[in-house]
Amino acid sequence: MVTIIDYDTGNLRSVVNALERLGADYTLTADPAAVRNAERVLLPGVGEASAAMGRLREKGLVETLKNLECPVLGICLGMQLLCARSEEGDTECLGIFPNRVRRFPPRIGLKVPHVGWNSIHRLHSPLYEGIEEGEYVYYVHSYAAETNACTAATTDYGGPFSGSLCRDNYFGCQFHPEKSGAAGRRILANFLSL
């Protein structure tokens with residue numbers, strides 16, 4: 001059973017549809033007790049970092065998320081919230097990953113937000129079992145986590161950034177696996193098998 005945290009950010013429907021296609025059982029909740037007892041937790045998110053962190057605080061989920069022992073997957077903004085800090089709204093995040101999240105710098109020819117298909121490299125995480133180096137995944141974001149020892153996949157967009165993070169039982173994808181075709185289905189299936 002996957003517990004999807006519903007904290008009023010973004011479109012949960014695409015995540016739910018992807019899990020249904022995989023035949024996964026899931027529940028949507030913002031109840032801290034239910035999240036603490038989950039087998040797996042998925043933290044999706046689309047929107048602005050400071051507002052999203054405010055919603056997690058309002059719902060009493062900050063300490064719960066920091067202390068989970070089950071596999072946890074943050075997607076897009078959900079991954080950024082697992083980081084230490086975001087430039088978006090100068091936001092202190094959950095601090096699971098020590099990474100800082102920064103806005104893409106202005107560069108000629110570099111459109112922000114970064115929208116579309118891009119490749120992932122230097123894969124090292126159980127999420128990427130069966131995924132080829134250079135596989136394409138789908139991104140929609142203006143902010144990205146810096147690379148460091150927690151980086152589980154990199155993508156280049158005007159320079160390298162963490163396309164994915166991994167530390168202990170916590171995982172993150174800056175891209176949207178639920179919108180990334182066969183590769184995304186495999187990544188989500190790998191998460192379901194952790």
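Here the structure is a predicted model, which is why all the values come from computation and not from measurement. Side chains included, hydrogens not; waters and symmetry mates left out as well; all remaining heavy atoms used.
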For this session: State whether the side chain of Asn148 and the backbone N or O of Cys150 hold a donor-acceptor pair below 3.5 Å, judged by distance alone.
Result: yes
Exercise. Counting only heavy atoms not in Glu87, do more than 12 sit closer than 6.0 Å to its CD atom?
Worked result: yes
For this session: Consider only side-chain heavy atoms of I, L, V, M, F, W and Y, link residues closer than 4.5 Å, and tell whether Phe191 and Tyr170 are in one cluster.
Result: no
Exercise. Do Tyr26 and Glu20 have side-chain atoms, one donor and one acceptor, less than 3.5 Å apart?
Worked result: yes
Exercise. What are the two closest non-hydrogen atoms of Glu88 and Ala49, and how far apart are they?
Worked result: OE1-N, 3.1 Å
Problem set entry | Residue pair Val41 / Leu68, side-chain heavy-atom distance below 4.5 Å | yes
For this session: Tell me, with the steps shown, if Arg100 and Cys83 meet side chain to side chain contact (heavy atoms under 4.5 Å, CB included).
Result: CA-CA 6 Å; Arg100 293 181 63 86; Cys83 292; over 6 Å; no
Exercise. Is Val137 reachable from Leu42 through a run of hydrophobic residues whose side-chain heavy atoms are each under 4.5 Å from the next?
Worked result: yes
For this session: Answer with yes or no whether the side chains of Tyr136 and Ser180 bring together a donor and an acceptor at under 3.5 Å.
Result: no
Exercise. So, Gln174 side chain and Ser164 main chain: donor-acceptor pair closer than 3.5 Å or not?
Worked result: no
Exercise. Is a donor on one side and an acceptor on the other found under 3.5 Å between the side chain of Ser142 and the backbone of Val112?
Worked result: no
Problem set entry | Donor-acceptor contact below 3.5 Å, side chain Arg40 vs main chain Leu192 | yes
For this session: Decide yes or no for Val2 and Asp25: does some side-chain heavy atom of the first lie under 4.5 Å from some side-chain heavy atom of the second?
Result: no
Exercise. Do the non-hydrogen side-chain atoms of Val140 and Lys179 ever get within less than 4.5 Å of each other?
Worked result: no
Exercise. Can you list the steps and then say if Ser162 with Thr151 is a side-chain hydrogen bond (donor to acceptor under 3.5 Å, both in side chains)?
Worked result: CA-CA 6 Å; Ser162 290; Thr151 300; 2.7 Å; yes
Problem set entry | SG on Cys76 to NE2 on His141, rounded to 0.5 Å | 7.5 Å
Exercise. What do you reckon, is CD of Glu132 surrounded by more than 12 foreign heavy atoms closer than 6.0 Å?
Worked result: no
For this session: Please determine if Glu63 and Lys66 form a salt bridge, counting it only when a charged side-chain N lies under 4.0 Å from a carboxylate O.
Result: yes
Exercise. Phe161 and Glu146: side chain to side chain contact (heavy atoms under 4.5 Å, CB included), yes or no, with the steps?
Worked result: CA-CA 5 Å; Phe161 67 87; Glu146 63 194 1; over 6 Å; no
For this session: Could you grab the distance from atom NE2 of His124 to atom OG1 of Thr154, nearest 0.5 Å is fine?
Result: 9.5 Å
Exercise. So, for Leu61 and Pro32, which heavy atoms are closest and what is the spacing to 0.1 Å?
Worked result: CD2-CA, 3.9 Å
For this session: Establish, yes or no, whether a centroid distance under 6.0 Å links the rings of Phe104 and Tyr157.
Result: yes
Exercise. Taking the side chain from Arg55 and the backbone from Ser50, do they hold a donor-acceptor pair closer than 3.5 Å?
Worked result: no
Exercise. Passes side-chain hydrogen bond (donor to acceptor under 3.5 Å, both in side chains), Asn190 versus Arg186? Steps please.
Worked result: CA-CA 6 Å; Asn190 288 342; Arg186 178 61 188 261; 3.1 Å; yes
Exercise. Rounded to the nearest 0.5 Å, how far apart are CE of Met53 and CG of Leu77?
Worked result: 10.0 Å
Exercise. Is any side-chain heavy atom of Arg85 less than 4.5 Å from a side-chain heavy atom of Val101?
Worked result: no
For this session: Determine, step by step, whether Ile187 and Cys173 satisfy the side chain to side chain contact (heavy atoms under 4.5 Å, CB included) criterion, reporting the C-alpha distance in whole Å, the side-chain angles of both residues, the deciding distance to 0.1 Å, and the verdict.
Result: CA-CA 10 Å; Ile187 290 164; Cys173 296; 4.3 Å; yes
Exercise. Can you tell me if CZ on Arg122 sees more than 12 non-hydrogen neighbours from other groups inside 6.0 Å?
Worked result: no
Problem set entry | Minimum side-chain heavy-atom gap Thr155-His121 below 4.5 Å | no
Problem set entry | Of Asp31, Thr64, Asn67, the residue whose pairing with Arg36 passes side chain to side chain donor-acceptor pair (under 3.5 Å) | Thr64
Seminar exercise, completed: Between the CG atom in Leu81 and the OG1 atom in Thr91, the distance rounded to the nearest 0.5 Å is 8.5 Å
Exercise. Do Val115 and Ile75 belong to the same hydrophobic cluster, where Ile, Leu, Val, Met, Phe, Trp and Tyr are linked whenever their side-chain heavy atoms lie under 4.5 Å apart, directly or via other members?
Worked result: no
For this session: Would you check, one step at a time, whether the test side-chain hydrogen bond (donor to acceptor under 3.5 Å, both in side chains) holds for Tyr143 with Ser86?
Result: CA-CA 8 Å; Tyr143 292 79; Ser86 176; over 6 Å; no
Problem set entry | Minimum heavy-atom distance Thr9-Pro44, with the two atoms named | OG1-O, 4.2 Å
Exercise. Trp117 and ring-ring contact (aromatic ring centres under 6.0 Å, His included): which partner among Tyr139, Tyr138, Phe175?
Worked result: Tyr138
Seminar exercise, completed: Closest non-hydrogen atoms of Asn169 and Cys70, given as atom of the first, atom of the second and distance, are ND2-O, 2.6 Å
Exercise. If Ile, Leu, Val, Met, Phe, Trp and Tyr residues are connected whenever their side-chain heavy atoms lie under 4.5 Å apart, and connections chain through other members, are Leu165 and Tyr128 in the same group?
Worked result: no
Problem set entry | Test: Lys59 and Asp8 ion pair at under 4.0 Å | yes
Exercise. Do you know the tightest heavy-atom contact between Ala153 and Leu123?
Worked result: CB-CD2, 3.6 Å
Problem set entry | Residue of the set Leu12, Leu65, Leu28 for which side chain to side chain contact (heavy atoms under 4.5 Å, CB included) holds with Ile5 | Leu65
Problem set entry | In one Ile/Leu/Val/Met/Phe/Trp/Tyr side-chain cluster, 4.5 Å: Leu43, Ile4 | no
For this session: Start with the C-alpha distance between Leu127 and Cys166, add both sets of side-chain angles, then the distance that settles side chain to side chain contact (heavy atoms under 4.5 Å, CB included), and finish with yes or no.
Result: CA-CA 9 Å; Leu127 288 182; Cys166 174; over 6 Å; no
Problem set entry | Atom of Glu178, atom of His176 and distance for their closest heavy-atom approach | OE2-ND1, 2.7 Å
